[in-house]
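Order of appearance sets the numbers: ligands from 1, and atoms from 1 within every ligand.
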Amino acid sequence: MSQVPDDAHQPDDETAEPGHAPPAAGPQDWSASGFATRAIHAGSEPDPQTGAVVPAVHVATTYAQDGVGGLRAGYEYSRSANPTRDALQECLAALEGGTAGFAFASGLAAEDALLRAVLEPGDHVVIPDDAYGGTFRLFSKVAARWGVEHTAADLSDPAAVAAAMTDRTRLVWCETPTNPLLGVADVAALARTAHERGALLAVDSTFATPYLQQPLSLGADVVVHSTTKYCGGHSDVVGGALVVGDATARGGEPLAELLAFHQNAMGAVAGPFDAWLVLRGLKTLAVRMERHCDSAERVAAHLREHPAVREVLYPGLADHPGHAVAARQMRRFGGMVSVRLADEAAAVAMCGRTRVFTLAESLGGVESLVEHPARMTHASAAGSPLEVPADLVRLSVGLEDVEDLLADLDRALEGAAPAPR
Ligand SMILES: *Cc1c(COP(=O)(O)O)cnc(C)c1O
């Protein structure tokens, strides 16, 4: 019997064949690469042990220690840190041009962590007068009970924001474009307004995604995402994220450290499979957003000519009040289009008659969705200054063939009352 040496299949450095370079030491720096390259590679280095090109879903809750406190790669317990969540957080930070990203169980969990990290009872926040309904509910029904006050203002008007600020304003909350009215706020101007009075600027950039705008580069202190929407992109995961640069809060503490502390202390982290799904979604964000924008532009132009449509709200239209600002701070104008019809009955009827657009809440997935904000996503704002018009229909323009989408909208509007402009 011939003796095969134990290490026959394990070439060491001396015997390695040409072309077998040793694994690169540590992750590469992708910061100088383009958006799509960062989306595909940042946080997703091949696994050093196996070469797997996709990060694993690390389901372990705990990690073996080599002697008390001897952590192998800094991992201790998965609420505090988890390798799959870290991969997503690294990618998010790279895409927003930030220093640190934090992934949460939902967009609202991310918002809640941010509020509790930077605010105290007695503090005041300026919020958009057409904020996402859930954001408004968080401020009006939850944060208010803990002594945080808010004033709703038109965020597209920096002077109105300055007028709404008080000596206790610690945070200006901006959403751009807004859900569901597609209002546009000038992030650079708001950053100046907020910083002059010692407040932080948070930007909910869910509609734009990091592909279309990067608020940190415009002066914002923290970016908020519902990754449930375009970042995940397939309507199969609920998640949220915060990304920061090097801003400080509460007497000079780095915001990144405050958020890291609160993410762990409050615990609403993204689970490993959820984090993995969002990371997978991000890899195709650039190509998906290009198609979402192409089709939304076609839908907006088409509906503008339709006699049943009173008004099309889309920042890509030259006569949209926020068009100039959007053209300056966004790469393109996004995949969301809202329309106003003759009245509430016409809006409700249209929502019930589409066949390619699915009647459902949420947005940003591959499939087109239609909804009636006043009765669905924004019902919690009824009777408040944030109430949305009852004749409004919101469209999330998906990735189906655009001809099918246009035909579906025409069919849904057949026989609808003409809406005078
Ligand atoms: C959906 C959404 C949120 C909330 O995110 P969830 O993931 O549903 O908690 C926040 N902001 C905007 C603009 C949204 O569309």
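Pairs of residues two or more places apart, or lying in two chains, that qualify as ring-ring contact (aromatic ring centres under 6.0 Å, His included) and include a residue from residues 161-204 are Phe139-Trp173.
Atom numbering of ligand 1 starts at 1 in the shown order; those under 4.0 Å from a heavy atom of Asp204 are 10 (C), 11 (N), 12 (C), 13 (C). Close contacts between ligand 1 and Gly239 involve ligand atoms 7 (O) [criterion: under 4.0 Å to a heavy atom]. Those atoms of ligand 1 with a heavy atom of Glu111 less than 4.0 angstrom away are 10 (C), 11 (N). Proximity to Ser226 (heavy-atom distance under 4.0 Å) selects the following atoms of ligand 1: 1 (C), 2 (C), 3 (C), 4 (C), 5 (O), 6 (P), 7 (O).
In Thr228, the part holding a heavy atom less than 4.0 Å from any atom of ligand 1 is the side chain.
An N or O contact shorter than 3.5 Å links Asn179 to ligand 1 by distance. Between Leu108 and ligand 1, a contact under 3.5 Å exists for at least one N or O pair. Considering backbone and side-chain N/O atoms, Glu175 never comes within less than 3.5 Å of an N/O atom of ligand 1. Geometrically, ligand 1 and Phe207 share no nitrogen or oxygen pair separated by less than 3.5 Å.
Within 6.0 Å of atom CZ in Arg331, more than 12 heavy atoms from other residues, nucleotides or ligands are found, so the atom counts as buried in its surroundings. Within a 6.0 Å radius of CZ in Arg421, other residues, nucleotides and ligands contribute more than 12 heavy atoms. Taking a 6.0 Å sphere around CG of Asp319, one finds it holds more than 12 heavy atoms contributed by other residues, nucleotides or ligands.
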Derivation of the ring-ring contact (aromatic ring centres under 6.0 Å, His included) call for His323 and Phe333: CA-CA 9 Å; His323 178 70; Phe333 304 100; 5.3 Å; yes
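The nearest protein atom to atom 2 (C) of ligand 1, hydrogens excluded, is given as Lys229 NZ, 2.5 Å; this is a heavy-atom distance. At the top of the distance list for atom 6 (P) of ligand 1, counting protein heavy atoms only, stands Gly107 N, 3.3 Å. When hydrogens are left out, the protein atom nearest atom 4 (C) of ligand 1 is Tyr132 CE2, 3.4 Å; that is the closest non-hydrogen contact.
For the residue pair Lys229 / Thr209, no side-chain donor-acceptor distance below 3.5 Å is found, with atom types taken as modelled. Side-chain polar atoms of Glu96 and His225 form a donor-acceptor pair below 3.5 angstrom. With hydrogens and angles left out, the side-chain atoms of Ser205 and Gln213 include a donor and acceptor closer than 3.5 Å.
Contact analysis leaves Ala110 out of contact with ligand 1, as no non-hydrogen atom separation drops below 4.0 angstrom.
A salt bridge does not link Asp294 with Arg291: every distance from a Lys NZ or Arg NE/NH1/NH2 to an Asp or Glu carboxylate oxygen is 4.0 Å or more.
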